[in-house]
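These numbers come from a predicted model, not from an experiment.
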Amino acid sequence: MKVERIVANIATSDIAAAKRFYQDVLGLDLLMDMGWIATYGSEERMQAQVSFMAQGGSGTPVPDLSVEVDDVDAALEAMKTAGFAVEYGPADEPWGVRRFYVRDPFGRLVNILVHR
């Protein structure tokens, strides 16, 4: 047996609010929309990972999601332009990532990062 995919599920009564953050700003594709569920993602092959954390590193809270991007500074500017407040960073962390924290429309803390 092998794991084929890991999906993060976020409970909300406002499914449409995900579009602005996850599609418009982060650039994910709408893969499925059945009204009661909208799934954003990419057709590109990505690694499946689940992290278990006692803290978020550098004394930060544990983020609900981590999204690795190819250009964290472009993502930062896109989030600011879209009106999402940055809660931490940008920071160059000693373990080799540059990152920032932002809350999605559902109040989930999202760690946006790039490996340096």
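Of all non-hydrogen atoms in S42 and L31, the two that sit nearest each other are N-CD1, 3.9 Å. Contact detail for I112 and A75: the closest heavy-atom pair is CG2-CB, 3.9 Å.
Linking Ile, Leu, Val, Met, Phe, Trp and Tyr whenever their side-chain heavy atoms come within less than 4.5 Å leaves F21 and I15 in two separate clusters. The hydrophobic cluster containing M32 also contains W36, counting ILVMFWY residues as joined when their side-chain heavy atoms lie under 4.5 angstrom apart, directly or transitively. Under the 4.5 Å side-chain heavy-atom criterion for Ile, Leu, Val, Met, Phe, Trp and Tyr, V25 and L113 are members of distinct hydrophobic clusters.
Rounding to the nearest 0.5 Å gives a distance of 12.5 Å between CD1 of I37 and OG1 of T12. Once rounded to the nearest 0.5 Å, the distance linking CG of D24 with OG1 of T81 reads 13.0 Å. Atom CG in L109 sits 9.0 Å away from atom OG in S66 (nearest 0.5 Å). In this structure, the separation between CG on L65 and CG on N111 is 9.5 Å, given to the nearest 0.5 Å.
Residue E43 qualifies as open at atom CD: its count of foreign heavy atoms under 6.0 Å is 12 or below.
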Using distance only, find each side-chain donor-acceptor pair of residues 83-104 under 3.5 Å and give its atom names and separation, not counting sequence neighbours.
unit_1: E87; atom_1: OE1; unit_2: R103; atom_2: NE; d: 3.4
unit_1: E87; atom_1: OE2; unit_2: R103; atom_2: NE; d: 2.9
unit_1: Y88; atom_1: OH; unit_2: E93; atom_2: OE2; d: 2.7
unit_1: D92; atom_1: OD1; unit_2: R98; atom_2: NH1; d: 3.1
unit_1: D92; atom_1: OD2; unit_2: R98; atom_2: NH1; d: 3.2
unit_1: E93; atom_1: OE1; unit_2: S58; atom_2: OG; d: 2.5
unit_1: E93; atom_1: OE2; unit_2: R99; atom_2: NE; d: 2.9
unit_1: E93; atom_1: OE2; unit_2: R99; atom_2: NH2; d: 3.1
unit_1: R98; atom_1: NE; unit_2: D73; atom_2: OD1; d: 3.0
unit_1: R98; atom_1: NH2; unit_2: D73; atom_2: OD1; d: 3.1
unit_1: R99; atom_1: NH1; unit_2: G56; atom_2: O; d: 3.0
unit_1: R99; atom_1: NH1; unit_2: Y101; atom_2: OH; d: 3.1
unit_1: R99; atom_1: NH2; unit_2: G56; atom_2: O; d: 3.0
unit_1: R99; atom_1: NH2; unit_2: G57; atom_2: O; d: 3.1
unit_1: Y101; atom_1: OH; unit_2: G56; atom_2: O; d: 3.3
unit_1: Y101; atom_1: OH; unit_2: T60; atom_2: OG1; d: 2.8
unit_1: Y101; atom_1: OH; unit_2: P61; atom_2: O; d: 3.2
unit_1: R103; atom_1: NH1; unit_2: G107; atom_2: O; d: 2.7
unit_1: D104; atom_1: OD1; unit_2: F106; atom_2: N; d: 2.8
unit_1: D104; atom_1: OD1; unit_2: G107; atom_2: N; d: 3.1
unit_1: D104; atom_1: OD1; unit_2: R108; atom_2: N; d: 3.0
unit_1: D104; atom_1: OD2; unit_2: Y22; atom_2: OH; d: 2.6

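Using a 4.5 Å heavy-atom cutoff, the side chains of V50 and I6 are in contact. Within the 4.5 Å cutoff, side-chain heavy atoms of V67 are placed close to those of V110. Using a 4.5 Å heavy-atom threshold, the side chains of L30 and K19 count as separate.
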